[in-house]
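Structure first, then comments.
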Amino acid sequence: MMRSLIPLIGFWLLLLCCLADASDATYLKYKDSQQPLGARIKDLMRRMTLQEKIGQMVQIERSVATPDVMKNYFIGSVLSGGGSVPAAKATAETWVNMVNEIQKGSLATRLGIPMIYGIDAIHGHNNVYNATIFPHNVGLGVTRDPELLRRIGDATALEVRATGIPYVFAPCIAVCRDPRWGRCYESYSEDHKIVQQLTEIIPGLQGEIPANSRKGIPFVAGKQKVAACAKHFVGDGGTVRGIDENNTVIDYNGLLSIHMPAYLNSIRKGVATVMVSYSSWNGMRMHADRDLVTGYLKNKLKFKGFVISDWQGIDRITSPPHANYSYSVQAGVGAGIDMVMVPENFTEFIDELTRQVKNDIIPMSRIDDAVHRILRVKFLMGLFENPLADNSFVNHLGSKEHRELAREAVRKSLVLLKNGPSADQPLLPLPKKAAKILVAGTHADNLGYQCGGWTITWQGQSGNDLTVGTTILNAVKNTVDPATEVVYNENPDASYVKSNKFSYAIVVVGEPPYAEMFGDSSNLSISEPGPSAIKNVCSNVKCVVVVVSGRPVVMQPYVETANALVAAWLPGTEGQGVADLLFGDYGFTGKLARTWFKMVDQLPMNVGDSHYDPLFPFGFGLTTKPNKS
C-alpha cells in the first residue's frame, strides 16, 4: 500500500511546484506599483543576470538603437545627440513612433525593463522642428526670475513629452567665469547665487518635490514631466582661459564656494540625474574623480539618482581619447559613473566592463549600486507603468501659450546698455510712426543666428528655414504703424544711408551660431560685416545697435557711434519680444548677470576681482517705462 502511495505523493509535490512557478510567473513583485519602491528594486535586481545589469548601464545613440539591439543587449537608455532626428522637420507623431519602436525592443526582453530616452532640451525642445525655442541661459540669467524659469521648465517638459521623450539633459548649472568659453551661453551667470536661484527650472521640468521627501531622492511627477539632469559636474565653467573641456585650476574651497552650490539646490529639488564634466579639476579628469563623484556627490550630498557620463566621456579620460580603453572603463565606472553615454561602439564597452567584473577589477557592488540607482529613477518616474508614449501631448509642441511665454522671457532678458547721449535725451522707445526706417545687419533677418547653437543641429545654423519663429526684422514690421516704410539692407554703404533720409535705424549684429569647443574664442569680436554696418549706418542716422551674442563681446569701439545699445543675447524663436521693448510696448528691466569687459586681455574678470574695470559692470542695465497706450 505504501509503495503505491509514493508515486502519488511525488505527483502532488510536482503539481505544487508547478503551481508555485505559475503563480510566480503571473505575479512579479517589481511590476506591482503598489509595492514599496525598495521592494520592487530588490525583487528585480535579484532576477537580473550580470549581462542584464551591465546593459542597464549603457546609453546608445538612436542611430544604432534598433529594437533587436535593445533586446539582445538589454540596453538601458538611448539618446538623440545634437541634431539626431528621425527625419528632417519630423512631426511630434514621428518622434513618438520612433521612441516607441525602440522601446518595444526593451519590453520584449525577459524582464521587460523599459529603456529611458534622453535628449538635449537646453533652451526648449531645441532638436525638434516647430518647438518653442526659449532664450539661452545667458539671457535667462538676466531675468533673475525663478518663477519664470519654473514656467519655462513646465513648458519644456510638455513639449518634450509631446515627442514621447521622458528625460532631458538640462539644466546646465555651470558658473561661467570666462566668456572666451564656447559654452558660456549655457550658463546663467558668473555669480553662483543667480545660478542657484534659477535651479527652479528643475521643479518646472520634474514637478514639485513633496515636502516629506528624503534628501537626495529623485522625484518626477508623472507623464507630463521629465527627468532632469544637472550638468556638468563640476567646475566646467572655470577652465583656464575658458578652453572647453580643459583644466579648472582652483583650490578646494573655491570649487565648493563657486562651482558646487547649485548642485546642492538641484539635489534638494529632487533632480533625477547628474552629468559629469569633460573638464579636469587641478589636472584630474572629472570622469575619473572618485573623491568628487562618489565621495562628495553621492556620499556627502546624499544624491540618490544616477550619474551619467557625457558623450564618450570615459574615452576622454585619456589623452588622446580612447588611448587606453580598459583604463578608461575602470577609472570611469570606478569613480562612480552609473550610466555611460557610449554612445555608438557599445559592444566594446559591454565586453570590457564584463571582463573587468568577472576578473574582480570592478567589484560587483559597484555594478549593483549603478543599476539600483538607474532602476530607482525608472520606477519613480512611472516608466514601468507607462513605458510607451501616445499622441495626447502633440498639440503642446510650439503652442501659442509656450511661444507667448518665450516672448515674455525675451522681454525680461534684454539689457539696455546705452540710451541716447544722456538720460534726458533717450532714443528708446522708438516711435512706431515714422516716414521710413532702416533695419540693417547680419542678424536682423536670420532666425538661426537669433537662436544660436544647439538649435535643430548641434552647432546651430544660418537662415530662416530651420524652424518656425519670428525674426527681429519681421517683429519690427509687425510692430510699426502700417504707414511706416521698413527698408531692410543687410550691409548698406554710407552713401546709401545718407541718401535715403531714414528717420532712424535698427542695426542687428553679433556672433554666428556655435556650440561647445567650436565657440571657444580668444578675440570675442562680432562677425563681419557687423562692424562696417555699425559704422556706415550709425555715422549717418540715429541708430540703435542690437547685439545678438552668446556672451559679452568687444563693443568698446562702437559705443560712441551707437546712439543706443541693447544686449539681446540669443533670444530664440520669439523675436517679437525684442520689438516689444524697442518700441515701448513694455519697458526694459534686465540687469547684466555677466560683466561686460572692455578688452579681452582683461579676462578673466568677474565681479569682486581686484582688477575689475568693466565697460558695463555686473548688475548694470538702464530701464525704460512702457508707452502709455
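Residue numbers count from 1 along this sequence. All figures in this text were calculated on a predicted structure; none of them were measured in a lab.
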Side chain to side chain contact (heavy atoms under 4.5 Å, CB included) between His232 and Met286, worked out: CA-CA 9 Å; His232 309 85; Met286 280 306 314; over 6 Å; no

Modelled atom types, side-chain donor and acceptor of Ser63 and Glu61, under 3.5 Å: yes

Mutual orientation of the aromatic rings belonging to Trp569 and Trp596 [parallel < 30°, tilted 30-60°, perpendicular > 60°]: tilted

Row check, Phe502 ring normal vs Lys436 NZ/CZ: under 6.0 Å, within 45°: yes

Distance-only side-chain donor-acceptor flag, Thr455 / Gln461, under 3.5 Å: no

Positive for side-chain hydrogen bond (donor to acceptor under 3.5 Å, both in side chains) with Gln576, one of Thr470, Asp585, Asn478, Thr471: Asn478

Face-on cation placement of Arg411 at Tyr586 ring, 6.0 Å and 45° thresholds: yes

Cationic N near anionic O, under 4.0 Å, Lys231 to Asp120: yes

Ser279 (side chain) donor-acceptor with Glu245 (main chain) under 3.5 angstrom: no

Asp465, CG: over 12 other non-hydrogen atoms inside 6.0 angstrom: no

Side chain to side chain contact (heavy atoms under 4.5 Å, CB included) evaluation trace for Val439 with Val487: CA-CA 6 Å; Val439 179; Val487 176; over 6 Å; no

Working for side chain to side chain contact (heavy atoms under 4.5 Å, CB included), residues Leu438 and Tyr504: CA-CA 7 Å; Leu438 172 65; Tyr504 57 83; over 6 Å; no

Verdict with reasoning, Val544 to Leu430, per side chain to side chain contact (heavy atoms under 4.5 Å, CB included): CA-CA 9 Å; Val544 52; Leu430 298 167; 4.1 Å; yes

Mutual orientation of the aromatic rings belonging to Tyr167 and Phe169 [parallel < 30°, tilted 30-60°, perpendicular > 60°]: perpendicular

Arg183 bridged to Glu516 by N-O distance under 4.0 Å: yes

Ion pair Arg407/Asp580, N-O distance below 4.0 Å: yes

